[in-house]
Protein chains: 2
Amino acid sequence: MSDRPGRGHSGTPRRIPEATVARLPLYYRALVDIAEHRISTVSSERLAELAGVNAAKVRKDLSYLGSYGTRGVGYDVEFLLHQISRELGLTRDWPVAIVGVGNLGQALANYKGFGARGFRIAALVDADDDKVGREVDGLAIEPIRALPEIVAERQISIGMIATPAHVAQEVADLLVAAGVRSILNFAPAVVAVPDGVSMRKVDLAIELQILSFYQLRKGGPARRRDRAATGAMDVEEGLEQGLDGLHQGMAG
Amino acid sequence: MSDRPGRGHSGTPRRIPEATVARLPLYYRALVDIAEHRISTVSSERLAELAGVNAAKVRKDLSYLGSYGTRGVGYDVEFLLHQISRELGLTRDWPVAIVGVGNLGQALANYKGFGARGFRIAALVDADDDKVGREVDGLAIEPIRALPEIVAERQISIGMIATPAHVAQEVADLLVAAGVRSILNFAPAVVAVPDGVSMRKVDLAIELQILSFYQLRKGGPARRRDRAATGAMDVEEGLEQGLDGLHQGMAG
DNA sequence: CCCTCCTTGTGCACTCGCTCACAAGCGCGC
DNA sequence: GCGCGCTTGTGAGCGAGTGCACAAGGAGGG
């Protein structure tokens, strides 16, 4: 791993395309799996398979980070894992605040998949005074008027909006005013943020509508279901053993 | 996504680009808002503003559906609403099955935003026999081995995977084998489906990692927070009234 | 009936991302 | 030491999506 050819400066080596950034977490996840199997080297082809993308894309994506592979051999799993972690900021602690502790907010607070990657729920905030003081997963719900102090004192960098749609913009404004620069919006509403603030949105209803669009073009929901010609029997034969596996594994 | 949008030549007037399909739900939502205000006509510019996109894009997107506008006037709100509803299949009933009734599955089952658009939770399925029989939001949890009958009898067309990652592929196979052709995957795992089955995924951890990537490039989480030069005071002045509004509106 | 105003619909140029194909380069065996 | 096989890294071509700018064309007033 000799130093990168070209500018070996502490800043960004190259500009990483947005599409690549969105795939880095997939590679990260695949690499964690591989590392757990005590495998020390992985090819772009194998990594592509595990991440559900194509091999050329993997190579090009990884080349944006630097020349971390060895021709004829592949990528060192641990080293690549470290590089991607560093690039994504997964070596740090990222305190997160959840605004709106309804169904979704509670589910997010209880979700165990975050902490492992360094995303730690550091605050639960709600405007409903009846909810304030209640605990969810060991964390007390706090009033939204305390947001500025909470954000400042706990160094909160990411805010999640899990409120009804009609207050999403107000909540976003409050988060921005408090100093939050990254927002993940779960409310089904268009939310604008000023320059310098990142916003991503997750909208379940939209995903369903996209699915229903394509399902319509397949013959609609009422049409008689004919087996897909390819692979139907394979899947069906795997059904029994699938059930066995599920009973052990699926904890919800 | 796995299925190519262009393949079915069953009477589609034009092929609608995938990017446009993904925006139709935004227009739909904006139009519903407009219709509630008793406004009968809307321009592409106004619609763009409400949907959070650019006006030329709105016009091009809508032109794929047909020439539904009137030059010099705009679009008829009710008519356009009807056309988009029809295109997205929102005039129909779409029974949905949720597999995996943990935190996320329960939150999805309780979420009220679906039914209004025709997406009705018709089944809750889990592999854990201790959960079977319990009710969530008035719907009993059923054993996963009953999935084939459930899907067939209730005409279920969409399946949501809300299980742990390591069983997501098995659950997807079971859904496909049972006849489901549209899947929304919430499990943080790569899931492959055969041709003819649509799959979309929602991964909260990935969204957070993307946010943290960009936040790192802004100066990182530990840096002292300096107010954004532009607009900071405006936002802050709006803070008090924002709180007032929130107390009335935010029900969580 | 015509003219003007307004907004739609779209041709065009540009950017971004994807895929292919292949040269470059590393390790290993002979 | 040398070639051989394997895998990376990347240049080039291509297709999708975006935004501009403008022609096309209703509506309404004079």
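All heavy atoms count here, side chains included; hydrogens, waters and symmetry mates do not. Each chain gets a letter, A, B and so on, in the order its sequence line appears, and its residues count up from 1.
Across all strands, B:Glu45 comes closer than 4.0 Å to no nucleic acid atom at all (heavy-atom distances). When heavy atoms are screened at a 4.0 angstrom cut-off, B:Arg46 is found touching no nucleic acid atom at all. Residue A:Thr20 is out of contact with every strand shown, counting any heavy-atom pair closer than 4.0 Å.
In summary, the side chains of B:Gln215 and A:Ser182 do present a donor paired with an acceptor at a separation below 3.5 Å, with no hydrogens or angles considered.
Within a 6.0 Å radius of CD in A:Gln169, more than 12 heavy atoms belonging to other residues, nucleotides or ligands are found.
When rounded to the nearest whole Å, the span between CZ of A:Arg15 and P of C:dT15 equals 13 Å. Atom pair B:Ile16:CD1 and D:dA16:C1' shows a separation of 16 Å (rounding to whole Å applied). One atom, CZ of A:Arg59, and another, C1' of D:dT8, lie 6 Å apart when rounded to the nearest Å. Following rounding to the nearest Å, A:Leu62 (CG) and D:dT8 (P) show an atom-to-atom distance of 9 Å. For the pair A:Glu49 CD and D:dT7 P, the interatomic distance rounds to 14 Å; values are reported in whole Å. The CG atom of B:Asp61 sits 10 Å away from the P atom of D:dG17 (whole-angstrom rounding). B:Glu18 places its CD atom 16 Å from the P atom of C:dG17, with the value rounded to the nearest Å. Put simply, CG on B:Asp76 is 13 Å from P on C:dT8, counting in whole angstrom units.
Residue A:Lys60 places a side-chain atom within donor-acceptor reach of the base of C:dT19, judged by atom type and a 3.5 Å distance cut-off alone.
No donor-acceptor distance shorter than 3.5 angstrom exists from the side chain of B:Ser85 to the backbone of B:Thr91, with no hydrogens or angles considered.
B:Ser44 has a side-chain polar atom (N or O) that falls below the 4.0 Å cut-off from OP1 or OP2 of C:dT8.
Across all their heavy atoms, A:Thr163 and A:Gly100 have their closest contact at CG2-CA, 3.9 Å.
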- request: Quick one, give me the B/S/- string for nucleotides 23-30 of chain C, reading 5' to 3', where B means a protein heavy atom under 4.0 Å from the base and S means that only happens at the primed atoms, P, OP1 or OP2.
  value: -BBBS---

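Taking the side chain as every heavy atom from C-beta outward, A:Ile16 and A:Glu87 approach each other to under 4.5 Å.
Closest to the side chain of A:Tyr75, from the set D:dT8, C:dG9, D:dG17, is D:dT8.
A residue-by-residue look at B:Tyr68 and A:Ala19 shows that B:Tyr68 has its nearest nucleotide of DNA chain C further toward the 5' end.
The distance from atom CD of A:Glu18 to atom CZ of A:Arg23, rounded to the nearest 0.5 Å, is 11.5 Å.
The salt bridge (Lys or Arg N to Asp or Glu O under 4.0 Å) search around A:Glu78 returns none, not counting sequence neighbours.
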